[in-house]
Amino acid sequence: MIQFETESDRGPFQAALALGKQKVQNLIETHPDFYPMYTVDGRWKHEGPVWTHWCDGFLPGMMWMFRKHSAPGSAEEQYWLEQAIRYTKPLEQRKHDRDVHDLGFVFLSSYLRWYRHSRDKALNDVIIEAGKTLALRFKERGQYLRSFVGDNSLFIDIMMNVGIIFYAARETGDRKLRDVALRHCLTTRRVLVRGDGSTAHEGLFDVDSGEFLKQTTHQGARGDSCWARGLSWALYGFGISYEYSRDPRFLETAEKCADYYITHANADGIPPWDFNAPNDTRKLVDTSAAAIAASGLFRLSRLLQDPVKGHFYWATGLRILRTLCDEHLAGEPDWQGLLKGGVYHLHKNLGVDESVMWGDYFFLEALDHVLG
Ligand code: GLY
């Protein structure tokens, strides 16, 4: 863990964590048992559509982190423990959800944190079941886990979810599960990660022959552009896949994506919503992509053999985190999210320049890395 020179170096990070606790406590009190996705004018509760159902693990995930960052034995710790369990439990039924490719998002942020806290085997069984369900999306013709939009579609986002299949494989010793996860990563690496380390959002296949046809996008600017959050999912997700598999190709890919991020983000470490955004939206940033990248860089920095590069990734993560704390926190009480400036889906005008649940979650996870 990084050594802070003085207590005041930690100050902004601790203040951001405290603000996060405040915002989430307000949410619990104002809208009990509600799992938000993105804000509209800073408010979590609204009639806006969700597009797909992938975010429910992030709110309990934040609560598990708050419990960890409360004084042991305190009333505060007890409060966050109770809330974390209350918001995690209802997700169990999602372990059989065949409609989404997001079961890693849902369970690794929530049930895995609960299991690590309690070591109750029944909780681990839930995670394993979810991993097996996700593996059912595997297409032998094409060698990938299909996205929620169709059999012919592979998303870069799935790199953040395939970890739950590696996890289930490790916990059960099931080599077929591990093989599915490995093949998905290899296909994603081949068809969605470009030579310069940039990524495409989606790949389309011929379902009959399994032939890869083309790169395209839903949330990015164009099929041949680099959607910033997709790149962040890739740099983080290939890092996780390396952690589970120790396949050096995945570490190499994670590094390539990280290097692309670092060399193409704005000088303060925050990326435009798409690295090839057209001029009229070029100034629009996505802070959630920055938060994911910061947390992913912290994880990657610990995996690298080269200490100089590891230190560089750590320092870059810190720079991103400092910018987020200095420029993008929602200090005003009537803005209900923690981090401003996230973008969910620009083309559908969902959550544009707003708070987004995954932005708050990965921002807190990045803080957790540096606060220890
Ligand atoms: N669907 C995942 C994302 O918006 O990044």
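Ligands are counted one by one from 1 in listed order, and the atoms in each one are counted from 1 as well.
- With hydrogens left out, the protein atom closest to atom 1 (N) of ligand 1 is Asp157 OD2, 3.3 Å, a heavy atom.
- None of Trp54, Phe105, Phe58, Phe66 except one satisfies the ring pair (Phe, Tyr, Trp, His ring centres under 6.0 Å) rule with Tyr361; the exception is Phe58.
- Ligand 1 has no N or O atom lying under 3.5 Å from any N or O atom of Thr52, backbone or side chain.
- Looking at Phe105 against ligand 1, nothing comes within 4.0 Å, counting heavy atoms.
- Looking at Arg183 and Asp179, a side-chain N of the basic residue comes within less than 4.0 Å of a carboxylate O on the acidic one, giving a salt bridge.
- Ring planes of Trp227 and His201: tilted class, angle from 30 to 60°.
- Those atoms of ligand 1 that come under 4.0 Å of a heavy atom in Trp233, given as number and element, are 3 (C), 5 (O).
- The proximity of Phe155 to ligand 1, defined as any non-hydrogen pair under 4.0 Å, does not occur for either the backbone or the side chain.
- With a 4.0 Å heavy-atom cut-off, ligand 1 is reached by no atom of Trp358.
- Between Lys176 and Asp174 no salt bridge is recorded (no basic side-chain N to carboxylate O distance below 4.0 Å).
- Near Tyr344, meaning under 4.0 Å from any of its heavy atoms, are these atoms of ligand 1: 4 (O).
- Contacts between Gln219 and ligand 1 below 4.0 angstrom, taking non-hydrogen atoms only, involve the side chain exclusively.
- Using a cut-off of 4.0 Å between Lys/Arg side-chain N and Asp/Glu carboxylate O, Lys21 and Glu76 are scored as salt-bridged.
- Remark: the Ser110 side chain and the Trp64 side chain contain no N/O donor-acceptor pair separated by less than 3.5 Å.
- Phe148 does not count as a contact of ligand 1, since none of its heavy atoms falls under 4.0 Å from the ligand.
- Taking a cut-off of under 4.0 Å to the non-hydrogen atoms of Trp227, the atoms of ligand 1 that pass are 3 (C), 5 (O).
- Lys45 is listed as a side-chain neighbour of His31, based on a closest heavy-atom distance under 4.5 Å.
- In terms of protein heavy-atom proximity, atom 3 (C) of ligand 1 is nearest to Arg229 NH2, 3.3 Å.
- Lys309 has a carboxylate O that lies under 4.0 Å from a charged side-chain N of Asp259, or vice versa, which qualifies the two as a salt bridge.
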